[in-house]
Amino acid sequence: MISAAWRADLFCRVVDNLGDAGVCWRLARQLVQEHGCQVRLVIDDPAALQQFVAVDPADMALLDHGQIVLAPWTVTDPADLVIETFGCDVPAPYAEALAQRAPQPVWYNLEYLSAEDWVLGCHGLPSPHPRLPVSRQFFFPGFVNGTGGLLREAGLLQAVAASQAASAADLCRATLTADRQARMPPEDLQVALFCYAHPVLDQLLAAIEAGPCRVHCRVFQGPAQQQVQAWAAAHPGHRTRFTWLPWLGQAAFDQVLWDSDFNLVRGEDSFVRAQWAAKPFFWDIYPQSDDAHLVKMAAFLRLYRADLPDLEAAQALGALWQAWVRREGAALAVAWAAVCRHLPALQAKASAWQAQLGQQPDLLTQLLTDAVGRGLSGPGLARPPR
Ligand code: TRH
């Protein structure tokens with residue numbers, strides 16, 4: 001662990017939804033909790049944090065104790081470490097102050113996550129300022145060595161394993177004792193659903209209803225929850241059981257993914273958390289106007305399925321993702337049934353993939369190691385050991 005008392009400025013522009021704020025909040029929290037940084041989260045729409053920060057007392061404490069300070073986009077006094085996320089560009093007066101500051105802050109542009117090959121060539125490249133004598137570094141998250149890795153808090157994998165072992169033991173006890181009725185029937189497949197409102201979501205629900213597994217579906221807040229509720233109301237005899245989740249803090253959000261057998265996730269942050277959950281999943285990738293998301297999804301699938309020994313399982317998973325993204329309702333039903341049949345192989349893959357990703361140093365460790373190499377230091381602060 002690199003420990004420090006650096007001041008870090010994290011810049012976040014909320015484009016839409018929750019992911020921009022979600023990634024930044026996780027990063028801010030990790031900078032504080034694992035690296036002793038004082039973090040200023042410069043965010044143009046702090047309301048985007050409301051839903052998941054305000055409901056978690058531990059997260060609120062970080063704000064109440066001033067360990068994470070929310071700041072408007074007008075700040076002009078740069079910290080020791082500056083991270084702008086997703087190409088959001090710091091304000092011009094801030095960049096000017098940054099160029100003049102001695103010692104000069106270490107400045108990163110933390111980019112979007114992609115499994116595409118070009119990421120390897122771009123990660124770590126400098127991006128000189130067009131006007132000022134200062135340069136920032138591109139920092140690309142990724143799944144393979146040579147990229148910046150993924151956000152992963154210290155002890156995360158151990159926490160996932162302990163939690164999953166405990167619920168497996170609980171379930172086992174519940175099937176053996178009289179409190180069985182209070183619990184999920186063990187034959188129910190636990191599905192967590194966090195997707196965008198989607199044209200074939202109704203068909204997916206119909207496929208789940210008709211599929212080989214009986215499902216208990218926990219549906220996160222958001223427009224998809226309303227869509228699923230409308231579907232459930234229109235199908236009063238449905239056998240699928242639904243739980244409508246309230247807004248959860250990120251820790252509780254993660255826990256739902258850990259506790260499920262299959263996760264439907266979206267965007268970027270929940271996509272990563274599903275991989276740490278080590279459960280089969282499918283990705284409602286954020287749609288882009290030029291269909292760039294299709295290329296991005298194909299790159300991830302190529303990597304994820306590369307060493308899946310069970311070819312039929314690999315095909316089933318790919319067919320499900322493709323049917324969803326291409327909005328092919330009929331293919332979706334076939335693919336869902338196939339995925340259910342191949343769940344053991346897909347579960348084994350999800351566990352192996354999590355372990356493989358866990359070999360990489362986490363994103364923040366990589367970023368701070370790089371920053372220390374570039375002379376990250378704070379005025380009056382001891383330079384930390386390397
Ligand atoms: O919300 P997303 O779709 O986010 C994004 C943004 O749209 C962004 O503009 C785009 O660039 C990016 O996708 C690709 O999905 P994501 O990334 O999974 O973020 C959701 C966050 O919300 C995640 O941090 C988990 C959090 N969350 C909770 O903590 N509790 C909840 O109850 C819910 C529903 C979400």
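In this chain, residues are counted from 1 in sequence order. Whatever order the structure lists them in is the order used to number ligands and atoms, beginning at 1.
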Among all residues two or more places apart in sequence or in another chain, which pass the side-chain hydrogen bond (donor to acceptor under 3.5 Å, both in side chains) test with Arg218? Ser260
Among side-chain atoms of Tyr94 and Asp89, is any donor-acceptor pair under 3.5 angstrom? no
Show me which atoms of ligand 1 lie under 4.0 Å from any heavy atom of Phe52. 28 (C), 29 (O), 30 (N)
Where's the contact between Leu248 and ligand 1, heavy-atom distance under 4.0 Å: side chain, backbone, both or neither? both
Please could you name the atoms of ligand 1 that Gly22 approaches to less than 4.0 Å, counting only its heavy atoms? 24 (O)
Trp247, any N or O under 3.5 Å of ligand 1 N or O: no
So, do Phe138 and Tyr108 sit near enough that their side-chain heavy atoms are less than 4.5 Å apart? no
Scan Trp276, Phe262, Tyr304, Trp324 and name whichever one has a ring pair (Phe, Tyr, Trp, His ring centres under 6.0 Å) with Phe281. Tyr304
Selected option - heavy-atom contact closest to atom 3 (O) of ligand 1, from Tyr196, Phe86, Trp25: Tyr196
Neighbour count above 12 (heavy atom, 6.0 Å) for Asp307 CG: yes
For a 4.5 angstrom cut-off between non-hydrogen side-chain atoms, does Arg273 reach Arg26? yes
Is it the side chain, the backbone, both or neither of Tyr286 that has a heavy atom closer than 4.0 Å to ligand 1? side chain
Tell me the nearest of Val15, Asp20, Leu113 to atom 8 (C) of ligand 1, using heavy-atom distances. Asp20
